[in-house]
Amino acid sequence: MAKTKPGKKDLDSYTIRGTNKVVRAGDCVLMRPADSDKLPYVARVEKIEADHRGSVRVRVRWYYRPEDAIGGRRRFHGSKELFLSDHYDVQSAHTIEGKCVVHSFKNYTKLENVGSEDYFSRFEYKAVTGGFTPDHVAVYCKCEMPYNPDDLMVQCEGCRDWFHPSFMGMAIKQAKKLILFGLFFG
């Protein structure tokens, strides 16, 4: 366990107020924004500690949504995509409103049912410079865009490359039928 400042005590867990959900270091959480019109912030809990008065604080590493990063949201960003940032902060544990899961990109694309608490991350983000790691990813289709799990793609049985149905001269409805019959993998 890491050393704490005098008067502070490291905690193994924290129970979210009004729930029976337990948060531990390493868990991802939804944090209440000051502006109730905004989506909750997403963070990974790094450390939980209480001060001598019993106030519980969490050290978090923030996830950024594409629209909050330099460059903004692009066509290939999925609706549930987040970037793990190098931005750390300390917040009151009372601002935690729930738990969530931030999957790797590969694991997210294998989910049969994506729930409201499911997100994915394929990039790390440097908040000050706007840089990404990795700085490039594989591209697909004739449009040469990275894969967006929200967009249907089909695999050509001949060349084994992946394409958006429109680039193969197909309607989405037609592509979905072919996928159901096992003629394409999507």
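Reckoned from all heavy atoms, side chains included, excluding hydrogens, waters and symmetry mates.
No donor-acceptor pair under 3.5 Å is formed between the side chain of Tyr64 and the backbone N or O of His87.
Every side-chain contact (heavy atoms from CB on, under 4.5 Å) that Leu111 has, sequence neighbours left out, goes to His103, Tyr108, Val114, Asp118. Residues satisfying the side-chain contact (heavy atoms from CB on, under 4.5 Å) test with Asn113, not counting sequence neighbours, are none. For Arg59, the side chain to side chain donor-acceptor pair (under 3.5 Å) criterion is met by no residue, not counting sequence neighbours. Residues passing the salt bridge (charged side-chain N to carboxylate O under 4.0 Å, His left out) test with Glu117: none are found, sequence neighbours excluded. For Arg57, the side-chain contact (heavy atoms from CB on, under 4.5 Å) partners are Val90, Ser92, not counting sequence neighbours. Among residues two or more places apart in sequence or in another chain, the salt bridge (charged side-chain N to carboxylate O under 4.0 Å, His left out) test is passed with Arg61 by Glu124.
The side-chain heavy atoms of Tyr88 and Lys47, taken from C-beta on, include no pair separated by under 4.5 Å.
Nearest heavy atom pair, residue Gly78 against residue Pro149, reads CA-CD, 4.5 Å. Asp12 and Ile48 get closest at one heavy-atom pair: O-CD1, 4.4 Å. Of all heavy-atom pairs between Pro33 and Pro40, the closest is CD-CA, 3.9 Å. Listed here is the closest heavy atom pair of Ala43 and Val60: CB-CB, 3.7 Å.
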Please test Tyr14 against His94 for side-chain contact (heavy atoms from CB on, under 4.5 Å), starting from the C-alpha separation and ending with a verdict. CA-CA 10 Å; Tyr14 169 78; His94 297 308; 3.3 Å; yes

When you look at Glu97 and Met31, which way does the side-chain contact (heavy atoms from CB on, under 4.5 Å) test go after all the steps? CA-CA 6 Å; Glu97 58 183 36; Met31 300 190 77; over 6 Å; no

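Here salt bridge (charged side-chain N to carboxylate O under 4.0 Å, His left out) pairs that include residues 79-89, with residues two or more places apart or in two chains, are Glu81-Arg122. Sorted by first and then second residue, the salt bridge (charged side-chain N to carboxylate O under 4.0 Å, His left out) pairs with a member in residues 100-114 form an empty list; sequence neighbours excluded. Residue pairs that meet the side-chain hydrogen bond (donor to acceptor under 3.5 Å, both in side chains) test with at least one member in residues 29-45, sequence neighbours left out, are Arg44-Glu46.
Hydrophobic side-chain contacts under 4.5 Å tie Val128 to no other Ile, Leu, Val, Met, Phe, Trp or Tyr residue. Through chains of ILVMFWY side-chain contacts below 4.5 Å, Leu82 is grouped with Leu30, Val42, Tyr63, Leu84, Val102, Tyr119.
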Which atom pairs, donor and acceptor, lie under 3.5 Å between side-chain atoms of residues 18-28 and protein residues at least two apart or in another chain?
residue, atom, partner, partner atom, Å
Thr19, OG1, Ile16, O, 2.8
Thr19, OG1, Lys21, N, 3.1
Asp27, OD2, Arg24, N, 2.8
Asp27, OD2, Lys99, NZ, 3.4

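Counting only N and O atoms by type, the side chains of Thr133 and Lys126 include a donor and acceptor under 3.5 Å apart.
Crowding of Arg73 atom CZ: a count of heavy atoms from other residues, nucleotides or ligands under 6.0 Å exceeding 12.
Between Lys9 atom NZ and Asp51 atom CG the span is 12.0 Å, to the nearest 0.5 Å. Here the straight-line distance linking atom OG of Ser85 with atom CZ of Phe123 works out to 15.0 Å at 0.5 Å rounding.
With ring centers used as reference points, His77 lies under 6.0 Å from Phe83.
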